[in-house]
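Written below as structure tokens is the structure these notes are about.
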Amino acid sequence: MRDGFLLVLSGPSGVGKGTVCEALLNKRDDIKYSVSSTTRKKRPHEIDGENYHFLSIDEFSQKIEEGDFIEYAKVHGNYYGTPKSYVLDKISEGDIVILEIDVQGALQVKENYPEAVYIFLLPPDLQELRNRIEKRATEDEETINLRMNNAKDELSFIDKYDYAVINSEVDSTVKSIESIIEAEKLKVTNIQGVEL
Ligand code: 5GP
């Protein structure tokens, strides 16, 4: 069986990465979502093990020591990390594994997996981004400002990505990402068994 590949999706807080991932996962069963670990507090609607594995700082540190993460980073004051075994297992089973991670994490992944597909999700504009974060109403004013400043920093790393997709409307964003996936599958380096 042909190996799958890694699809790294980044973009500022509030851009809609979660909604886009959910729509992609509902539409296709060849895509698997990698559930990260985090030391952030659980939001009321979140489910442990589904949205994140919510860990204490000690538990997170132990995982770092045991080499359990492909990458980890401190984002908006909390730690987040991507589980190595899940990701590598699914890729070897032929799946596309989607990582919804920040820019620092994506750059770490790129060091070890330069062949992964790197997609940056953009908001239609920055004011729209603030509106979306405020609408979510799970963050206080200080956190909203921190996330807005981080968004501006993150945008400056866009040239490290292969693709930029503007998320104005979920359905068309999903279609764009599916086109990227189809193109990726057709890359000469990803085609096996062609006899000349
Ligand atoms: P949130 O707290 O809003 O769920 O996520 C905050 C940020 O952390 C988002 O930009 C999200 O993409 C990023 N993030 C989530 N999981 C990971 C991870 O495993 N590694 C890294 N580096 N960033 C992550």
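Keep in mind the model is a prediction, meaning the values are calculated, not measured. Whatever order the structure lists them in is the order used to number ligands and atoms, beginning at 1.
Nearest heavy-atom pair, Tyr113 versus Tyr118, reported as atom, atom and distance to 0.1 Å: O-OH, 2.8 Å. In plain terms, the two heavy atoms of Ile70 and Lys84 that are nearest each other are CG1-CA, 3.7 Å.
For ligand 1, the polar-atom distance check against Gly11 finds no nitrogen or oxygen pair separated by under 3.5 Å. At least one N or O atom of Arg40 sits closer than 3.5 Å to an N or O atom of ligand 1.
Applying the ring pair (Phe, Tyr, Trp, His ring centres under 6.0 Å) criterion to Phe69, with sequence neighbours excluded, gives Phe60.
In this structure, Ile177 and Ile119 have side chains that are in contact, with non-hydrogen atoms separated by less than 4.5 Å.
Of the protein's non-hydrogen atoms, the one nearest atom 23 (N) of ligand 1 is Asp102 N, 3.1 Å. Scanning the protein for heavy atoms near atom 16 (N) of ligand 1, the closest one is Ser36 OG, 3.2 Å. Counting protein heavy atoms only, atom 5 (O) of ligand 1 is closest to Tyr52 OH, 3.3 Å. Distance from atom 17 (C) of ligand 1 to its nearest protein heavy atom, with residue and atom name: Tyr80 CB, 3.4 Å.
Below 4.0 Å from some heavy atom of Ala73 lie the following atoms of ligand 1, by number and element: 22 (N). Of all the atoms in ligand 1, the ones that sit under 4.0 Å from a non-hydrogen atom of Arg43 are 1 (P), 2 (O), 3 (O). The atoms of ligand 1 that sit less than 4.0 Å from any heavy atom of Gly81 are 18 (C), 19 (O). Near Gly105, the atoms of ligand 1 lying under 4.0 angstrom from a non-hydrogen atom of the residue are 22 (N).
Of the listed residues (His76, Glu154, Lys17), the one carrying the non-hydrogen atom nearest atom 10 (O) of ligand 1 is Lys17.
For His53, no heavy-atom contact with ligand 1 is shorter than 4.0 Å. At a 4.0 Å heavy-atom cut-off, ligand 1 touches Val75 through the side chain alone. With a 4.0 Å cut-off on non-hydrogen atoms, Glu71 touches ligand 1 through its side chain and not its backbone.
Formation of a donor-acceptor pair under 3.5 Å by the Ser34 side chain with backbone atoms of Val87 is not found in this model. Here the side chain of Glu134 pairs no donor or acceptor atom with the backbone of Asn131 at under 3.5 angstrom. Within the 3.5 Å criterion, the main-chain N or O of Glu46 finds a donor-acceptor partner in the side chain of Lys42. In this structure, the side chain of Glu154 engages the main chain of Val103 through a donor-acceptor pair within 3.5 Å.
With respect to Lys32 and Asp95, a salt bridge is recorded, a charged nitrogen being found less than 4.0 Å from a carboxylate O.
For an aromatic pair to be called close, the ring centres must be under 6.0 Å apart, and Phe157 with Phe120 fails this.
At least one heavy atom of Arg147 lies less than 4.0 angstrom from ligand 1.
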